[in-house]
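Heads up: numbering here begins at 1 and tracks the sequence. Atoms considered below: every heavy atom in the structure, side chains included; atoms not considered: hydrogens, waters and symmetry mates.
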Amino acid sequence: MDIDAKQFLHTLFSSAVNEALPRNHIETFLSESIFYRSSNQAGRTVVIGAGKAAASMAAELEAVWRDKKKYDLALRELEGLVVTRYEHTAPCEHIEVIEAAHPVPDEMGLEVSQRMLKLVKNLSADDTVICLLSGGGSALLSLPGGNITLAEKQQINKALLKSGAAIDEMNCVRKHLSLIKGGRLAKAAYPARVVSLAISDVPGDDISVIASGPTVPDTTTRFDALAILERYRIDMPTSVFEWLNNPESETIKPDDSCWKSAEHHIIATPMSALESAAAEAEGLGVPTYILSDCIEGEAREVAKVHAALAKQVASRQHPFKTPCVLLSGGETTVTVKGNGRGGRNCEFLLSLFNELKGHSNIYALAADTDGIDGVEDNAGAWITPNTWQQSEALSLKAETYLDANNSYDFFDKVDVLLTTGPTLTNVNDFRAILIL
């Protein structure tokens, strides 16, 4: 088959990202009552939100509102406040956008959390709160409970990121250390109607895990959080231990009365993004198979399984015939032991590269759909059979770079980093393996 493998893989990634953009989904989930005043002309529509896509979601919401405003001046005015990662902003006229740090929270995240909580307090049953959630919201909404300082919260967050803990485990801890997550923001807004719209970045699309669910009921407990910290041997400051042993650290449970006026919708998912990429590949004449949208586990170990499957397809035409594409998504983890650079997608790809050892018929791309893999400036990287030859010529040993968790520098040296800049959405990992 005559195909530009690099361009082909990039096209699939772009298709997945485009499918997950807020502009494709916001209006579908907004009922007319959200925008219109009640019969007594009372009521406000307050927009809040957190995540890497929060600003672009807010901008799209404003666009939908403006379109309706052209034909009906009775619409409520929009107001509100959302927080997104630095350099992930989008222009809004009525909704204030604040940028803060991710994945480790900073003072700006603390300040905006305090402002957001104050904004929704003292609302009435005539008011509506629209909450826009996406991946990254946990770090961006940082309001520690008890006597926990921001520095101590940062310490716990950094340790969790390096521990290899799964996203649901990390967010369980984050919820219980917070005064705003785990349903607390919705509780503060009660009795106002709360409508949550979320772009899923978590395996299984559990909306209570997305951004640590500030407006969603939580079934985990403070004892779960303590067990997770102990399991991963994370040192707890005294303030954290005392807070998690205090009943006040418990999150808002499903039987709370505040949920009577709340609704939750997931508007974009990892599977919908993978399905869009699959349709793109099929349209270009390449049979495509989605392995899973919710793969978790250590990135380098997940890569070994993908490599074994790809090699079997290439050599035995089983369980799929070539040419074909294998797609997968989810959120892998990295247990950091070295001092290198690189996110989980590059770690996956470097391990895959090491297993394939320049196989002549296998090409691959792995990237984060938000455009930032970890904390570097790339979305991910791609490999071709020629990448092995390049690394050999430069005397680069994949195992050495894996041991140092230094996938970024490895792929930088062979010039295969994929750099897109922030995409303003996030449905997590995207992996595509082309077998010719």
Side-chain angles (χ1 to χ4, degrees), residues 1-14 16-17 277 298-311 313-315 323 325-329 332-423 429-436:
M1 173 176 281
D2 185 17
I3 187 170
D4 183 336
K6 176 182 171 182
Q7 182 58 50
F8 175 82
L9 292 170
H10 192 278
T11 297
L12 300 193
F13 177 68
S14 296
V17 169
E298 197 71 24
R300 64 180 66 193
E301 299 304 320
V302 171
K304 291 176 182 178
V305 177
H306 280 66
L309 177 58
K311 287 190 287 188
V313 171
S315 62
V325 178
L326 309 180
L327 299 179
S328 69
T332 60
T333 53
V334 175
T335 302
V336 179
K337 298 178 180 178
N339 296 313
R341 307 163 64 199
R344 61 180 181 268
N345 286 284
C346 278
E347 176 114 348
F348 166 91
L349 197 65
L350 185 54
S351 179
L352 183 80
F353 172 86
N354 190 47
E355 295 295 317
L356 294 178
K357 299 193 185 314
H359 195 293
S360 60
N361 297 319
I362 302 176
Y363 306 74
L365 178 149
D368 197 318
T369 52
D370 68 5
I372 305 295
D373 188 29
V375 296
E376 304 303 335
D377 58 0
N378 66 312
W382 67 85
I383 57 172
T384 72
N386 188 52
T387 310
W388 182 265
Q389 298 170 14
Q390 292 174 285
S391 68
E392 290 284 287
L394 293 171
S395 299
L396 303 178
K397 300 300 180 184
E399 296 97 331
T400 301
Y401 283 81
L402 276 171
D403 288 343
N405 299 116
N406 199 16
S407 54
Y408 180 95
D409 284 348
F410 182 92
F411 289 127
D412 187 33
K413 290 179 187 299
V414 291
D415 195 26
V416 293
L417 290 174
L418 172 64
T419 303
T420 64
T423 64
D429 301 343
F430 175 87
R431 296 176 288 266
I433 301 175
L434 172 65
I435 310 166
L436 299 178

Side-chain heavy-atom pair Arg344, Thr333 within 4.5 angstrom cut-off: no
Minimum side-chain heavy-atom gap Val334-Phe348 below 4.5 Å: no
Pairwise side-chain contact, Val17 with Thr420, heavy-atom cut-off 4.5 Å (strictly under): no
Any pair counted as ring-ring contact (aromatic ring centres under 6.0 Å, His included), so long as it reaches residues 360-387, sequence neighbours left out: none
Which donor-acceptor pairs under 3.5 Å do the side chains of residues 388-396 make with protein atoms, sequence neighbours left out?
{"residue": "Ser391", "atom": "OG", "partner": "Trp388", "partner atom": "O", "Å": "2.7"}

Pairwise distance CG(Leu349) to CD(Glu347) - rounded to 0.5 angstrom: 11.0 Å
Lys311 atom NZ, neighbour heavy-atom count above 12 within 6.0 Å: yes
Over 12 non-hydrogen atoms of neighbours within 6.0 angstrom of CG in Asn339: no
Test side-chain hydrogen bond (donor to acceptor under 3.5 Å, both in side chains) applied to Arg341 - qualifying residues, sequence neighbours left out: Glu376, Asp409
Straight-line distance of Glu298 CD to Thr335 OG1, nearest 0.5 Å: 3.5 Å
Lys304 with Glu301: basic N within carboxylate O range, under 4.0 Å: yes
Which atom of Thr332 lies closest to which atom of Ala299, heavy atoms considered: OG1-CB, 3.6 Å
Min side-chain heavy-atom separation Leu356-Ile383 under 4.5 Å: yes
Nearest heavy atoms of Ala314 and Ile435, plus distance in Å: CB-CG2, 3.8 Å
Pairwise distance CG(Asn386) to OG1(Thr384) - rounded to 0.5 angstrom: 5.0 Å
Interatomic distance, Phe410 atom CZ to Thr400 atom OG1 [nearest 0.5 angstrom]: 9.5 Å
From Leu350 atom CG to Thr387 atom OG1, the distance as rounded to the nearest 0.5 Å: 11.0 Å
Side-chain heavy atoms of Tyr408 within contact of Asp373, under 4.5 Å: no
Whether Arg431 side chain and Leu327 backbone form a donor-acceptor pair below 3.5 Å: no
Heavy-atom donor-acceptor pair, Ser407 side chain to Gly342 backbone, under 3.5 Å: no
pair Asn378-Phe411: side-chain heavy atoms closer than 4.5 Å: no
Distance (rounded to the nearest 0.5 Å) between Asp368 CG and Cys346 SG: 10.0 Å
Donor-acceptor side-chain pairing of Asn345 and Asp429 below 3.5 angstrom: yes
Lys357, NZ: over 12 other non-hydrogen atoms inside 6.0 angstrom: yes
Exercise: identify the closest heavy-atom pair between Ala367 and Leu418: CB-CD2, 3.9 Å
Audit row: Ile433, Val313, side-chain contact (heavy atoms from CB on, under 4.5 Å) steps and yes/no: CA-CA 11 Å; Ile433 301 175; Val313 171; over 6 Å; no
Flag, side chain of Ser351 to backbone of Arg300, donor-acceptor distance under 3.5 Å: yes
For Asn354 against Ala398, the heavy-atom pair lying closest together: OD1-CB, 3.6 Å
